[in-house]
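Every value quoted in this text rests on a predicted model; they were computed, and no experiment measured them. A note on names: the letters A, B, ... follow the listed sequences, proteins ahead of strands, and every chain is numbered from 1.
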Amino acid sequence: MITTLARLLDASLAGWQLTGDVREANEGISLRCNGTDISIERAPRGMPFRWVLMIEGRKRTAASVGGVLRIVRQTLAPRYEPLSLRIAPAPIVPLPVQSQDAP
Amino acid sequence: MIPVSILTGFLGSGKTTILAHLMRDPALSDTAVIINEFGDVGLDHDLIESSDETLVTLQTGCLCCKIQGDLVVSLNDLLARRAAGTIPKFERIVIETSGLADPAPILQGLMIDDGLAGHIALAQVVTVVDAVNGNGTLTRQPEARKQVAVADQLIISKLDLTDDDPSALREAVAALNPSSPLQDVRHGALDPAVLFPRNTIGSNAFNIAETLPAHHAHHDDIATFAIVRETPIAAVALSLFLEVLADHCGADLLRLKGLVRVAENPDQPAVIHGVQHVFHAPEWLDTWPSGDHRTRMVFIVRGISETWISALLDAIEMEVEELASTRTDGATHHSIK
């Protein structure tokens, strides 16, 4: 997972036209870009989030890979405006067809 | 669901000639037509044979920017009058855009309106490029390149007006959009089935099944590529993937169309459509259109790499899988939002 997330972050920096360095370090990820250091680690078990980010001494948490990406981009690209959109207001899988006799 | 096809192409590409030809075909007799003309004095609607009740002209602006709202209002009005029986019961709708229109916001407008949801479905985006001026137009006009990039079906028109070899134009068009079929048209004679294929709903997904781009296509910064997955994608992973795309790509995601094998329902492909940051609720086909049951998503993007999208899907799938196995193990639950 860490390797996969590191690869995503590396591709993300390129996509955001930022130059930086992403490395796996101590079972986490170390990211350096534009003079900003970000470390990303798995959250301890039992916490209601999955990722802990340390950004210039400040702790942030994220519940998913998407959350990590959003925090990193907000930090490194201040002009980025996250979109508060949630997908799938409709059922993501078709509802089972119910008999008309069903209550 | 009433299928809606969009006929687009740069100024002078021959859209109206093609539409006029199509509207004379009995196969399209029950078709409502919306024409967007740029400028105060419209002419195109005079060139189309259609009943007055089902022909709507939108003037004084370009459909993609100034009067997108008018399009939605017109569509809702047409549907309401059809339901009330005050106009002939049309079975399909064609929207001819102005030559300067960027199709992406138009698609977006169709997808986000609550009143239209559940009543209309995008059938095809058909883009016309003319053999006489097409090469120069594609070189000079970014709108023309976008029109080609988002098309489900590409038409090279006016081949009857030039003796020039169209192969360079074909290559330029294919470089922008290698996944969509390309058809030649002379004298505006286009088969109605091109505009409205038999399996209209999700028909552009059927194109995906047959014509995945075999390679990256780059023209300026527009790229077309396909992401293919052998194994089914969990529904929650698909939702998260689309959310992150919408969040990070915005207007640079010109179009996404795909057939997805969802793990919870693998026997029915989900057809997904996205334009910029708007994603349509998945449509479910009854069966897979071919023996190929892999997830196939075609991206038409500006400045977004295939590497990033592939890495994103990998990471989200892995995270969802990890979470699922954690739950199976009876360990602490995390919710992904």
Side-chain angles (χ1 to χ4, degrees), chain A residues 1-18 20 22 24 29 40 42-52 61-77 79-97, chain B residues 117-118 234-250 252 260 262-266 268 270 272 274 276-284 286 301 303-323 326 331-337:
Chain A
M1 184 73 230
I2 293 292
T3 303
T4 305
L5 181 57
R7 194 162 59 87
L8 172 62
L9 288 166
D10 194 44
S12 298
L13 290 185
W16 303 333
Q17 297 177 336
L18 297 170
V22 180
E24 292 180 47
I29 295 167
I40 302 164
R42 286 176 183 275
R45 277 181 172 269
M47 303 304 287
F49 42 85
R50 290 177 51 79
W51 302 97
V52 177
T61 60
S64 66
V65 162
V68 171
L69 269 191
R70 181 179 285 206
I71 291 170
V72 171
R73 191 169 182 187
Q74 278 176 319
T75 304
L76 301 176
R79 284 191 300 173
Y80 160 65
E81 292 178 7
L83 188 70
S84 53
L85 173 78
R86 289 294 172 264
I87 302 290
I92 191 77
V93 291
L95 294 172
V97 178
Chain B
V236 67
L238 177 62
S239 297
L240 290 166
F241 177 59
L242 297 179
E243 274 185 18
V244 177
L245 287 179
D247 193 352
H248 288 269
C249 300
D252 291 329
V260 180
V262 176
E264 289 83 347
N265 190 41
Q268 284 183 272
I272 58 168
Q276 299 184 0
H277 60 271
V278 175
F279 289 84
H280 208 287
E283 295 163 13
W284 297 89
D286 291 337
V301 297
I304 299 169
S305 76
E306 180 181 358
T307 305
W308 181 76
I309 288 181
S310 188
L312 174 66
L313 183 56
D314 286 347
I316 289 174
E317 281 200 276
M318 188 174 284
E319 182 164 61
V320 168
E321 198 175 308
E322 201 175 84
L323 194 66
T326 305
T332 305
H333 292 193
H334 293 292
S335 66
I336 295 183
K337 288 179 186 171

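Summarising the geometry of B/D247 relative to A/R70, their closest heavy-atom pair is OD2-NH2, 2.6 Å, with the distance given to 0.1 Å. The minimum heavy-atom distance linking B/V244 with A/G66 is given by the pair CG2-CA, 3.7 Å.
Checked against ring pair (Phe, Tyr, Trp, His ring centres under 6.0 Å), A/W16 has the following partners two or more places apart in sequence or in another chain: B/H248.
The environment of A/E24 atom CD is dense: over 12 non-hydrogen atoms of other residues, nucleotides or ligands sit within 6.0 angstrom.
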Show every donor-acceptor pair shorter than 3.5 Å between a side-chain atom in residues 7-15 of chain A and any protein atom, with sequence neighbours excluded, or say none if there are none.
| residue | atom | partner | partner atom | Å |
| --- | --- | --- | --- | --- |
| A/R7 | NH2 | B/D314 | OD2 | 2.7 |
| A/S12 | OG | A/L8 | O | 2.7 |
| A/S12 | OG | B/W308 | NE1 | 2.8 |

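For the pair A/L69/B/L312, a side-chain contact is recorded, criterion being any heavy-atom separation below 4.5 Å from C-beta on. B/E322 is listed as a side-chain neighbour of A/R42, based on a closest heavy-atom distance under 4.5 Å. At least one side-chain heavy atom of A/R50 sits under 4.5 Å from a side-chain heavy atom of B/L323.
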